[in-house]
> 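Following this message is one structure expressed as structure tokens.
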Amino acid sequence: MIILRTILSFLRDKHYRNLLFATVSVLVIGTVTYHYLEQWTWLDSLYFSIITLTTVGYGDFSPQTDWGKIFTIIYIIIGVGLILTFINTVYNHFKNIPQDHFNQKN
């Protein structure tokens, strides 16, 4: 229930909604691009997009084409800041919610 309430509160707030839309858009662009440039599955493409932008980078996937490498350079420069802003916003949102809010029974 906490997750649902959080998502709904994000969707009600224009700032959060725009940030969520931008984050999802960047992940979709990365997923589609890697799917077609690198011929990866949709899941592998999404996985690589997320681990790249969160700077985890396990190393199990890496672009093999020149266009894939060029896209990744641009993708990292644009996307890392956006993803980190999104993560920081979510963190601050939860940090500012009183603890008793989490302990409420529905």
> Tell me whether Y34 contacts the main-chain N or O of D44 through its side chain, where contact means a donor paired with an acceptor under 3.5 Å.
no
> How long is the gap from CZ on F86 to CG on L53, to the nearest 0.5 Å?
12.5 Å
> Under 4.5 Å between any side-chain heavy atoms of L11 and Y16, yes or no?
no
> Have Y36 and S45 got a donor and an acceptor in their side chains that come within less than 3.5 Å?
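No.
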> So among I87, I83, T89, which one has a side chain to side chain contact (heavy atoms under 4.5 Å, CB included) with T85?
T89
> Considering all heavy atoms of both residues, which atom of F71 and which atom of L37 are nearest to each other, and what is their separation?
CB-CD1, 4.2 Å
> Flag yes if L82 and I77 sit in one hydrophobic cluster, no otherwise; membership is Ile, Leu, Val, Met, Phe, Trp, Tyr, and two members link when side-chain heavy atoms are under 4.5 Å apart.
no
> Check whether any side-chain heavy atom of L84 lies under 4.5 Å from a side-chain heavy atom of N88, and answer yes or no.
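No - every pair of side-chain heavy atoms lies 4.5 Å or more apart.
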> Test of understanding: clusters of I, L, V, M, F, W, Y form through side-chain heavy atoms closer than 4.5 Å, transitively. Do I50 and L43 belong to the same one?
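No.
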> Which atoms form the tightest heavy-atom contact between S49 and G30, and what is the distance?
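Between these two residues, the closest heavy atoms are OG-C, 3.3 Å.
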> Count I, L, V, M, F, W, Y as connected when their side-chain heavy atoms are under 4.5 Å apart, and connections chain through other members. Are L19 and Y91 then in the same cluster?
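Unlinked, L19 and Y91 end up in two clusters.
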> Tell me whether I73 is reachable from W40 by hopping between hydrophobic residues (I, L, V, M, F, W, Y) whose side-chain heavy atoms are closer than 4.5 Å.
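Different clusters.
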> Mind checking the CD1-OH spacing from I51 to Y58? Nearest 0.5 Å is all I need.
7.5 Å
> Please check: side-chain N/O of E38 versus main-chain N/O of Q64, any donor-acceptor pairing under 3.5 Å?
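It does hold such a pair.
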> Quick one: CH2 on W67 to OG1 on T33, what's the gap to the nearest 0.5 Å?
12.0 Å
> Check whether V24 and L27 end up in the same hydrophobic cluster, where Ile, Leu, Val, Met, Phe, Trp and Tyr are linked by side-chain heavy atoms less than 4.5 Å apart.
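Same cluster: V24 reaches L27 through Ile, Leu, Val, Met, Phe, Trp or Tyr contacts under 4.5 Å.
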> Please name the pair of heavy atoms, one in W42 and one in H35, separated by the smallest distance, quoted to 0.1 Å.
CZ2-CD2, 3.3 Å
> Is there a side-chain contact between D60 and Y47, using heavy atoms and a 4.5 Å cut-off?
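Yes - at least one pair of side-chain heavy atoms lies under 4.5 Å apart.
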